[in-house]
Amino acid sequence: MAILVRRSNLLAPITDTERINQASRNDADAITLDLEDGVVETHKVEARGLVKEAIALAGRGGAEVFVRVNAALLHSDLDASVWPGVRGIMLPRVESAAEVAQAVEQMTVLERRRGLAAGALELILLLESARGVWDIRSIITASPRITQVGLDESDLACDLGITPLPEYDPYVYARGRLVIEATAAKVQPIGITYPLGVYERRLSAAEIHRMATDARNLGMKGVLCPDPSWVAPVNAAFTPTADLVAHNKRVREVFAEAVAAGTAAVPLDGRMIDVPVDEWAKVVLAMAEACDDRDARKRAARAAGS
Amino acid sequence: MATHQVHRSGLTMPVVTRRFVDHAWRRGCDFINLDLEDSVPQHLKAHARSLIKDAIPVVRKGGAEAFTRINHDYVHADLDAIVWPGLSKVNYPKAETAEEIRLLDVVITRLERERGIRPGTVEIGANIETATGVAAAYDIASASPRIKEFGGGTGYDMSRDLGVEMFVGFEQFAYGKGELELAARVLGLQVRAAPFVANTTGSVSDADRALREAQAARKCGFRLGGGLNPAVVEPQNRGFTPTAEEVEDARWVLERHRELAGTGETWIAIDGRVIDRYEAARARDTLEWAALCAERDREKSDAVFRTRAAMAEPAVTLGDP
């Protein structure tokens, strides 16, 4: 089965012409054109008119292009967002399977009307309320279009009525539930570790890399990047390092020798290598290859465009 | 309470590695887990199955209980080969649904009847090693009365399922552990869990860390251990057993609580420490657990003594290699 490599997903407010024009140069695996929180209320109508052209602009560097719609303006926003070149829709503030079904119904109609393959459009869901986190299982299994799901930690704080303190992570349970339920449903959980999801501070690339690595080690598969400076460290954090690749090749060799010698449990550097360790080594090596492929395709797209 | 509930230490070993199996009784374990699963190469599965019946009495010679870990995908063939007198538990890996557990129960029930084993003897250990298993925790844990212990949610399989590296130095499994513990507590089961103790080496033979982990786990109300290397057996036995000071303190608490009877008071503070019925209950629990551990240790010592006598080996301390 092909591995979905969507390490970085760069948010670009649709009305920010500079950001939209530059977005394809940032090496993000995906770019999400934002009609929601990045656009002021009075510009919502104007913003919709910009989507079709922005899809082509954003996709020049080989990134997948998504559009984040407003939950409260779903019908008009979807109508403005489904054009050839768009990979899918980011649906915020989801609280029920019925809301997913409603979006899917309209997406299906628009696919037909606008000449997209039936079922081509994916969905990325954002949960932003206690209700959404609690009912996550029914929500993320509501459609096979759903490929990723994350928490919007700022809006979740609002819903919970809390003012989060940077030194105290209030989302241990919510994030854990997201990872377990999404993994069980074969949907990718996305997010970064606290407090970066709430306090979008300017941090060094090294700090972002560390927090994205921690997120990967909680089970996250990618990060929504509010700023282009996040993209490079996030991509690096979700790509197996050369050391990791070398180590896992060694694991596979040592394990294969052990099996040939009649056991599937063999010590290596003080650890025990058995079937799940060898299975994990296969995953890491396949992931490294998939990341290489993804990066090569982006390079090729940029070369063709320049 | 019977001492078969004392599972402080245990070694999981490939049943195909004869030197591990032959020496298992010398290790001082509360249980030995004979593995048919992840430590046995695919091409040796049938051979491994054929070894279990004779290995059961061999690993019990030191008083340990005999468990077997079967393969998730070979339930019928594995159970048919392992459910024999002397087996205490079937460990079932990567449990994901209640139906799987009910099937195990049906097959084990039939085999117990056919092979002259007292009904209900063989326990089921449902190992939760995937996100799907965590999401179905309560259904799985309540699927059979043969499940007496429940937990997991960490380890190599879980990490692979979540796509995470292990030994990164922070708590990665808090939610899953919490869900499993809650399900176990609600159902009155022993909890297989441990508080987070940073481990960045992944070593399976670190005796000092094994002791610290066992002590920390016991303080959190967990009593179940187990490992892969003989070096961790003694530290686990020690770390999960109340110390002499703790036993003495528990007796002191009960004595002070008894003195309250008839005074009309429900609690008393002595040197800033509150003695009430909750503290008394905790003290009673400590004494009961200490007594079970002591009884279990006597059983194991006696078994080792008998085995050495039969082999005409000189007596040495339990747990020596």
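All chains are named by letter (A, B, ...) in the order of the sequence lines, taking the proteins before the strands, and each is independently numbered beginning at 1.
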Using a 4.5 angstrom heavy-atom cutoff, name the option from [options] with the most pairs to chain B.
options                        : result
A/V283, A/V277, A/D214, A/V179 : A/D214
A/R137, A/E181, A/R177, A/K221 : A/R177
A/L244, A/V266, A/I273, A/V172 : A/L244

Mind listing the closest non-hydrogen atom pair of [X] and [Y] along with its distance?
X      : Y      : result
B/D38  : A/P276 : OD2-CD, 3.0 Å
A/A184 : B/A131 : N-CB, 3.7 Å
A/T263 : B/P14  : OG1-CG, 4.2 Å

Chain A heavy atoms under 4.5 Å from [X]: which part of the residue, side chain, backbone, both or neither?
X      : result
B/A174 : side chain
B/M166 : neither
B/T201 : backbone
B/F167 : side chain
B/E171 : backbone
B/H47  : neither

Indicate yes or no: at least one non-hydrogen side-chain atom of [X] is less than 4.5 angstrom from one of [Y].
X      : Y      : result
A/V259 : B/Q42  : no
A/W280 : B/Y156 : no
A/T183 : B/T132 : no

*Could you give the distance from CG (B/L228) to CG (A/D274), rounded to the nearest 0.5 Å?*
7.5 Å
_Just verifying a value: how many Å separate B/S203 OG and A/M272 CE, rounded to the nearest 0.5 Å?_
10.0 Å
Under the 3.5 angstrom rule, does the side chain of [X] hit a backbone N or O of [Y] as a donor-acceptor pair?
X      : Y      : value
B/R160 : A/D278 : no
A/N217 : B/E165 : yes
B/Q172 : A/L218 : no
A/R271 : B/V204 : no

*Could you walk me through whether B/V168 and A/T213 pass side chain to side chain contact (heavy atoms under 4.5 Å, CB included), step by step?*
CA-CA 10 Å; B/V168 292; A/T213 302; over 6 Å; no
*Answer yes or no: does atom CZ of A/R250 have more than 12 heavy-atom neighbours from other residues, nucleotides or ligands under 6.0 Å?*
no
*asked:* Take a 6.0 Å sphere around CZ of B/R185 and say whether it holds more than 12 heavy atoms from other residues, nucleotides or ligands.
replied: yes
List the atom pairs, donor and acceptor, that lie under 3.5 Å between side-chain atoms in residues 143-154 of chain A and the rest of the protein, sequence neighbours left out.
{"unit_1": "A/S143", "atom_1": "OG", "unit_2": "A/R145", "atom_2": "N", "d": "3.0"}
{"unit_1": "A/R145", "atom_1": "NH1", "unit_2": "A/E111", "atom_2": "OE2", "d": "2.6"}
{"unit_1": "A/R145", "atom_1": "NH1", "unit_2": "A/L121", "atom_2": "O", "d": "3.0"}
{"unit_1": "A/R145", "atom_1": "NH2", "unit_2": "A/T108", "atom_2": "OG1", "d": "3.1"}
{"unit_1": "A/R145", "atom_1": "NH2", "unit_2": "A/E111", "atom_2": "OE1", "d": "3.0"}
{"unit_1": "A/T147", "atom_1": "OG1", "unit_2": "A/R6", "atom_2": "NH1", "d": "3.3"}
{"unit_1": "A/T147", "atom_1": "OG1", "unit_2": "A/E122", "atom_2": "OE1", "d": "2.9"}
{"unit_1": "A/Q148", "atom_1": "OE1", "unit_2": "A/R6", "atom_2": "NH1", "d": "3.1"}
{"unit_1": "A/Q148", "atom_1": "NE2", "unit_2": "A/Q188", "atom_2": "OE1", "d": "2.8"}
{"unit_1": "A/D152", "atom_1": "OD1", "unit_2": "A/S154", "atom_2": "N", "d": "3.2"}
{"unit_1": "A/D152", "atom_1": "OD1", "unit_2": "A/D155", "atom_2": "N", "d": "3.1"}
{"unit_1": "A/E153", "atom_1": "OE2", "unit_2": "A/R175", "atom_2": "NH2", "d": "3.2"}

